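Hydrogens, waters and symmetry mates are skipped; everything else that's a heavy atom, side chains included, is used. Remember, it's a predicted structure, so these values are computed and weren't measured experimentally.
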Amino acid sequence: MSLKLGLNTGYWASGPPSRAALDAVKAAERLGFDSIWTSEAYGCDVLTPLAWWGSQTENVRLGTAIMQMSARRPTAAAMAAMTLDHLSGGRFILGLGVSGPQVAEGWYGEPFGKPLARTREYVSIVRDVVARHAPVVSDGVHYPLPATEGREGVTGLGKPLKSTLHALRERIPTCLAAEGPKNIALTAEIADGWLALYYSPYHDADLYRPYLEQGFARRDRPHDDFEVHASVPFVVHDDVEEAADTLRPMLALYFGGMGARSMNFHHQVMVRMGYGDEARRIQELYLDGKKDEAAAAVPTKLIEELALIGPVDKIRYDLEAWRESRVTSLLIAGKPEMLRQAAELVLG
């Protein structure tokens, strides 16, 4: 399969990125990248940087990876999607995700329970807003429209409304972030694409395809154009171990310190890949404050399954597994020089 490339600009740290971020965006478009993606957690938002940087591009698609569902009602997400789709000339991709309970409940003050049901309801409302076939109503328990009488503060005066803005496209591509089997199946059923984090092409046949096929079987439209955008660390270095060392702290955070001990979706990915003992050790070390030891415990073999690292010839060889997988686009991060190397290896 012909792989595409996307630039993942990631999260902002304690302040905005330097001018190099815009340089990377411009370089990605110049090098033939297919898409640019922004992120949000509980700092910068996902929409403002995408609009700002996207205004200085002409051809690349512009996606949110991810727009957190707890941050906006589905009608607000649809409004933002239609607005950015107009401003970009039809280049917007709406990437959605539930995040985790620590962020949903701790930052947004929204309940995290029943994430699959909430996602199905959320996407349905977004689609109805964009399609604009009729005033939007929903009898779902999570996002009832109009607001249900009897709830505290509801006047009962709300009425179904239709967006005053006509969408540029009747259907804006919607991708879902998913890691667990049920969520992957739901994504294949209702979405236009999957935003895959910590995807391994070496487990394509056992951990991903069966659940994608389950979802495709329940789908109400063809899935020929279904896209899989996989976030892939990319590090060119003559020494594989030194390349892996640059990724260990980040992976230790996600596999060991992200979320709660009892609910860490990234940790569960590592377990499903067959690294259960290592995952538990990394988590124990990280949550005990031994972050350096946790990072050192991340196996190089695992990193090589999830990332493209090492000398150019090794990466060129490892890319074959990605080309044979269900992935359609590799989302990478880096400075213009690294993006050029990726373009040469992936796009030719």
Both conditions, 6.0 Å and 45 degrees, for the charged tip of Arg118 above the ring of Phe112: are they met here?
yes
Tracing side-chain contacts under 4.5 Å among Ile, Leu, Val, Met, Phe, Trp and Tyr outward from Leu195 reaches Trp37, Ile66, Ile93, Leu331
For the [atom1] atom of [X] and the [atom2] atom of [Y], what is their distance to the nearest 0.5 Å?
{"X": "Leu47", "Y": "Leu84", "atom1": "CG", "atom2": "CG", "value": "6.0 Å"}
{"X": "Arg132", "Y": "Thr164", "atom1": "CZ", "atom2": "OG1", "value": "7.5 Å"}
{"X": "Leu3", "Y": "Ser329", "atom1": "CG", "atom2": "OG", "value": "8.0 Å"}
{"X": "Trp107", "Y": "Gln68", "atom1": "CH2", "atom2": "CD", "value": "10.5 Å"}
{"X": "Ser88", "Y": "Leu62", "atom1": "OG", "atom2": "CG", "value": "5.5 Å"}
{"X": "Asp277", "Y": "Met270", "atom1": "CG", "atom2": "CE", "value": "9.5 Å"}

Is [X] salt-bridged to [Y], going by a charged N under 4.0 Å from an acidic O?
{"X": "Arg280", "Y": "Glu284", "value": "no"}
{"X": "Arg61", "Y": "Glu227", "value": "yes"}
{"X": "Asp85", "Y": "Arg169", "value": "yes"}
{"X": "Arg218", "Y": "Glu189", "value": "yes"}
{"X": "Glu213", "Y": "Arg209", "value": "no"}
{"X": "Arg221", "Y": "Asp192", "value": "yes"}
{"X": "Asp23", "Y": "Lys26", "value": "no"}
{"X": "Glu278", "Y": "Arg281", "value": "no"}
{"X": "Arg72", "Y": "Glu40", "value": "yes"}

Exercise: identify the closest heavy-atom pair between [X] and [Y]:
{"X": "Asp318", "Y": "Trp322", "value": "O-CD1, 3.5 Å"}
{"X": "Val130", "Y": "Ala167", "value": "O-CB, 3.6 Å"}
{"X": "Gly334", "Y": "Ala24", "value": "O-CB, 3.7 Å"}
{"X": "Phe33", "Y": "Leu7", "value": "CD2-N, 3.6 Å"}
{"X": "Pro311", "Y": "Val240", "value": "CD-CG2, 4.0 Å"}
{"X": "Ala117", "Y": "His142", "value": "CB-NE2, 3.8 Å"}

What about [X] and [Y], same hydrophobic cluster or not, with Ile/Leu/Val/Met/Phe/Trp/Tyr joined at side-chain heavy-atom distances under 4.5 Å?
{"X": "Phe265", "Y": "Met258", "answer": "yes"}
{"X": "Met79", "Y": "Val123", "answer": "no"}
{"X": "Leu31", "Y": "Val312", "answer": "yes"}
{"X": "Met338", "Y": "Leu345", "answer": "yes"}
{"X": "Val103", "Y": "Met263", "answer": "no"}

Does Ile332 reach the side chain of Leu339, with side-chain heavy atoms less than 4.5 Å apart?
yes
Do Thr119 and Met69 have side-chain heavy atoms sitting under 4.5 Å apart?
yes
Ring pair (Phe, Tyr, Trp, His ring centres under 6.0 Å) involving His166 - partner list, sequence neighbours excluded
none
Going through the distances and angles, do Tyr208 and Ser200 end up as a side-chain contact (heavy atoms from CB on, under 4.5 Å)?
CA-CA 9 Å; Tyr208 314 119; Ser200 169; 4.0 Å; yes
Will you find, in the side chains of Tyr198 and Glu179, an N or O donor that is under 3.5 Å from an N or O acceptor?
no
Derivation and outcome, ring pair (Phe, Tyr, Trp, His ring centres under 6.0 Å), residues Trp194 and Phe226
CA-CA 8 Å; Trp194 172 26; Phe226 185 87; 7.8 Å; no
Less than 6.0 Å separating the ring centroids of Tyr286 and Phe255?
no
Lys114 NZ: over 12 foreign heavy atoms closer than 6.0 Å
no
If you count heavy atoms of other groups shown closer than 6.0 angstrom to OH of Tyr11, is the number above 12?
yes
